[in-house]
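In what follows, every chain begins at residue 1, and chains take the letters A, B, ... in the order their sequences are listed.
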Protein chains: 2
Amino acid sequence: MKLSANEEYGLRCLVRLAYAGFEERALTIPEISQAEGVSPAYAAKILRVLRKGGFVKAARGKEGGYTLARPAASIRIGDVIDALGGRLFESDFCDTHAGQAPICTRSVDCSVRSLWRAVQVAVDQVLSKTTLRDLLQNEEEMNSWVRTIPGANGLRLIQ
Amino acid sequence: MKLSANEEYGLRCLVRLAYAGFEERALTIPEISQAEGVSPAYAAKILRVLRKGGFVKAARGKEGGYTLARPAASIRIGDVIDALGGRLFESDFCDTHAGQAPICTRSVDCSVRSLWRAVQVAVDQVLSKTTLRDLLQNEEEMNSWVRTIPGANGLRLIQ
DNA sequence: GCTAATCTATACTTAATAGTCAAGATTACT
DNA sequence: AGTAATCTTGACTATTAAGTATAGATTAGC
Ligand code: FES
Ligand code: FES
């Protein structure tokens, strides 16, 4: 249960593009790569995923670069994370368990599955209510915003 | 953001041991391996992690096998998952970002970090309130139980 | 003490993810 | 048309996670 490298860097690239969008500015791979501290080749690979997911668009040639494909407020972070790293608990998760025969406690009636589903729902509750626009604020503002997510209102971010 | 194989199988092994505990029975590696549909060698590897985490204890020799190290009600699933697969967002996560120089949007003031923290809190809210004892019920019972978790009360398990 | 059943430890192989490289395609500018 | 800046693609290598193999240690029962 780890964030993948794609998720970590991909989201950060998107945020950076969103900021650049304020000034109607496209960012090139070298710019993004340097800003995020990853190699240009790797940045390119990540940007490709984001492009195929429909979150950014690219312009080639001189004066080219990447921009958001649509307004930050209409980009759900949940969708972004799905594109970059898949879901924690896919709906076919239990079809692909290792063994064939005596799967789980009681096959079709499994409390563990219920737990995983609950965790996925908890994650989705945060990620599907957050848009890229929401990430364009400083950490403190973001902390208080997160507390307003319905269903997650008990969240204590300060440990 | 995927469940690791360790997490998936490790938790299932624990649940099985908990059921066996009802009858004061130890389970051997061959038994567990067959029940969960993984190789004996792999089951052994997973059981070792669980043992080192203090969740199960092993008895060697004839009549040996694994049993829970303590009552199911005192085994928090959050702790189990931590031992099996680490946390989504470790506290030093942002210290270990790739590049050195211009980390994240504004280094010490990062909205992305706040979001990851919120996701981690959401996950913990489910996992730290669930004990192994809670998993010893059927799926339907488990579903309704999960809905009672404070802060997660908006959870809809049926999609 | 011997044996068979059991766990334990470490090393090894395979598969998946992370990250790099190089050749090609597009565009703006002159 | 030529050139330099840019994205695009697929193949490659490196690192980590998943899974296997093997030899050793412990215990119960005879
Ligand atoms: S049936 Fe998939 S976790 Fe139990
Ligand atoms: S500082 Fe770590 S995600 Fe921004």
Side-chain angles (χ1 to χ4, degrees), chain A residues 1-13 17 20 25-34 36-69 81 83-86 90 96-99, chain B residues 1-13 17 20 25-34 36-69 81 83-88 90 96-99:
Chain A
M1 212 157 157
K2 287 271 201 274
L3 255 56
S4 74
N6 263 12
E7 289 163 334
E8 172 178 353
Y9 296 122
L11 183 54
R12 281 162 56 186
C13 291
L17 283 171
R25 210 159 70 77
L27 295 182
T28 68
I29 285 177
E31 284 172 329
I32 296 174
S33 130
Q34 195 179 10
E36 293 303 339
V38 302
S39 75
Y42 190 34
K45 192 172 181 175
I46 293 169
L47 268 301
R48 171 143 89 134
V49 177
L50 290 174
R51 176 171 50 88
K52 298 220 159 177
F55 306 111
V56 307
K57 63 186 173 202
R60 295 199 204 189
K62 233 182 160 177
E63 308 292 293
Y66 289 91
T67 49
L68 292 186
I81 297 302
L84 289 166
E90 310 268 1
T96 63
H97 284 320
Chain B
M1 211 157 157
K2 287 267 201 281
L3 253 56
S4 73
N6 263 10
E7 290 164 333
E8 172 178 352
Y9 296 122
L11 183 54
R12 280 162 57 187
C13 290
L17 283 171
R25 212 158 69 78
L27 295 182
T28 68
I29 285 177
E31 285 172 329
I32 296 173
S33 131
Q34 194 179 11
E36 293 302 339
V38 300
S39 76
Y42 190 34
K45 192 174 182 174
I46 293 168
L47 267 302
R48 172 144 92 133
V49 178
L50 290 174
R51 177 171 50 88
K52 298 219 159 179
F55 305 112
V56 306
K57 62 185 173 201
R60 296 200 201 188
K62 234 182 159 173
E63 309 291 291
Y66 290 89
T67 49
L68 292 186
I81 297 302
L84 290 167
R87 298 172 70 68
L88 205 56
E90 309 270 1
T96 63
H97 285 321

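- Atom CG in A:Leu47 sits 6.5 Å away from atom CG in A:Leu17 (nearest 0.5 Å).
- Here the straight-line distance linking atom OG of B:Ser33 with atom CG of B:Leu27 works out to 11.5 Å at 0.5 Å rounding.
- A salt bridge links B:Lys2 with A:Glu90; the closest basic N to acidic carboxylate O contact falls under 4.0 Å.
- Using modelled atom types, one side-chain atom of B:Glu7 and one backbone atom of A:Met1 make a donor-acceptor pair closer than 3.5 Å.
- Put simply, the side chain of A:Val49 does not reach to within 4.5 Å of the side chain of A:Phe55, judged on heavy atoms.
- To the nearest 0.5 Å, the span separating CG on B:Leu68 from NZ on B:Lys57 amounts to 9.0 Å.
- The CD1 atom of A:Ile29 sits 12 Å away from the C1' atom of D:dT9 (whole-angstrom rounding).
- Taking the nucleotide of DNA chain D with the nearest heavy atom to each of A:Lys2 and A:Gly64, the more 5' of the two is matched to A:Gly64.
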Inset, instruction - Sugar-phosphate means primed atoms, P, OP1 and OP2; the rest is base. With that split, encode nucleotides 18-30 of chain D 5' to 3' as B, S or - using protein heavy atoms under 4.0 Å. - result: SBBB---BBBS--
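- Across all strands, A:Arg51 comes closer than 4.0 Å only to sugar-phosphate atoms, never to a base (heavy-atom distances).
- Residue B:Leu27 is in sugar-phosphate contact alone, with no base atom involved, counting any heavy-atom pair closer than 4.0 Å across all strands shown.
- Atom CG of A:Asn6 and atom CG of A:Leu50 lie 8.5 Å apart (nearest 0.5 Å).
- The side-chain heavy atoms of A:Ser4 and A:Leu84, taken from C-beta on, include no pair separated by under 4.5 Å.
- Interface limits on DNA chain C: the 5'-most and 3'-most nucleotides within less than 4.0 Å of chain B heavy atoms are C:dA5 to C:dT10.
- Here D:dC7 presents its P atom at 14 Å from CG of A:Leu50, a figure rounded to the nearest Å.
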